[in-house]
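Order of listing sets the numbers, starting from 1, for every ligand and every atom in it.
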Amino acid sequence: MLIKHPADVAPSDITPRAVFDARRDFMRSSAIGIGAALLGAGLPDKAHAVAARGKTLGPLVKSPYSTDEKLNDFDDITSYCNFYEFGTDKSDPARHAHRMATRPWTVSIEGLVHKPKTLDIDDILKVAPLEERIYRLRCVEAWSMVVPWVGIPMSALLRQVEPLGGAKYVEFVTHLDPKEMPGTRRQVLDWPYVEGLRLDEAMHPLTIAALGLYGEVMPNQNGAPIRLIVPWKYGFKSAKSIVRIRFTDKEPLSSWTKSNGREYGFYSNVNPEVDHPRWSQERERRIGEFIKRKTLKFNGYGDQVASLYTGMDLKKHF
Ligand code: MTE
């Protein structure tokens, strides 16, 4: 992985729109895309992309944690989404998420803390310098993308409330409004969507509160206005549209573990050695590519995070 050095950059310097538009057009017309579709790889349905464009966030600081891999284009990232509150089809979030009002928006941070707080999203944007973090996202469904997120270290946000010594875990609870979210009228998951991390995972420098992507405010379908990103875990750990963060002394029960604990464990670290009960996790398809690539343990972030799990049997604690 190429290590980049932090430097202030304007959002427009990050990834010129022309570059990724050209790349997208190439991918659309290429036989690679057609081949993947023929193989049932399920290329993104771009017909309904309604991503917010134009409102830039910045200035941004480049992160030494960014990968230098080729980015997925804006349309792929915003049209091939998982956000079950808007429906279970990959194209549903892009079709319906514009209904979600993202202002006013507050996040309450509570539980085992000295100073519980309810923070307005516009104040959260000022908690720490905004960074561009280009991360691989590996979904449990064995596909992956490379996304230029904009965010702040989650630790900067969590420190605002001064966690108590007894806090061991952090629970993330997300927005629920059946009027805005047609998918919640069906009980596919136990709403609201809940995820959890161990405190040291939540405070790890790689973990971010993401507030945008491609230098712009977060598109609704990707979890506006604030979502979790934990790049060494399967994508479902990264809860979208967070409204409450709670410090606890007990392992939080996530919506996925609650729905099927045999298939979705608490840790959910990307691990090619541990199959999902219904499919292998050895390989993944990078969206836009034809040949599957090998999945890397901890999604390739092992140097930074493997020590968090020293002494743990990761087949048992999957
Ligand atoms: N957060 C909420 N609130 N609801 C969801 O359905 N899906 C998860 C995660 N966060 C989900 C969520 C899953 S399964 C994945 S793979 C990622 O979001 C997808 O993020 P993306 O659509 O931005 O790629």
Listed partners of K240 passing side chain to side chain donor-acceptor pair (under 3.5 Å), at least two apart
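By the side chain to side chain donor-acceptor pair (under 3.5 Å) rule, K240 matches no residue at all.
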
Could you work out, with side chain to side chain donor-acceptor pair (under 3.5 Å) as the rule, every residue matching R262, not counting sequence neighbours?
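R262 satisfies side chain to side chain donor-acceptor pair (under 3.5 Å) with no residue once adjacent residues are dropped.
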
Does a salt bridge link R285 with E289, judged by any charged N lying under 4.0 Å from a carboxylate O?
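Between E289 and R285 there is no salt bridge, as every charged N stays at least 4.0 Å from the carboxylate O atoms.
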
Is there a donor-acceptor contact under 3.5 Å linking the side chains of H96 and E180?
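Looking only at side-chain atoms, E180 and H96 do not form any donor-acceptor pair under 3.5 Å.
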
Return yes if a side-chain donor-acceptor contact under 3.5 Å exists between D92 and Q221, otherwise no.
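Checked: D92/Q221 side chains show no N/O donor-acceptor pair below 3.5 Å.
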
Return the protein residues near ligand 1 (heavy atom under 4.0 Å from any of its atoms), ordered by chain and residue number.
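Its neighbours under 4.0 Å (heavy atoms only) are C81, N82, F83, Y84, E85, L137, C139, T174, Y193, N222, R227, G235, F236, S238, A239, K240, given by chain and number.
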
Pair listing, ring pair (Phe, Tyr, Trp, His ring centres under 6.0 Å) test, anchored in residues 146-165, at least two apart
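Sorted pair list comes back empty.
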
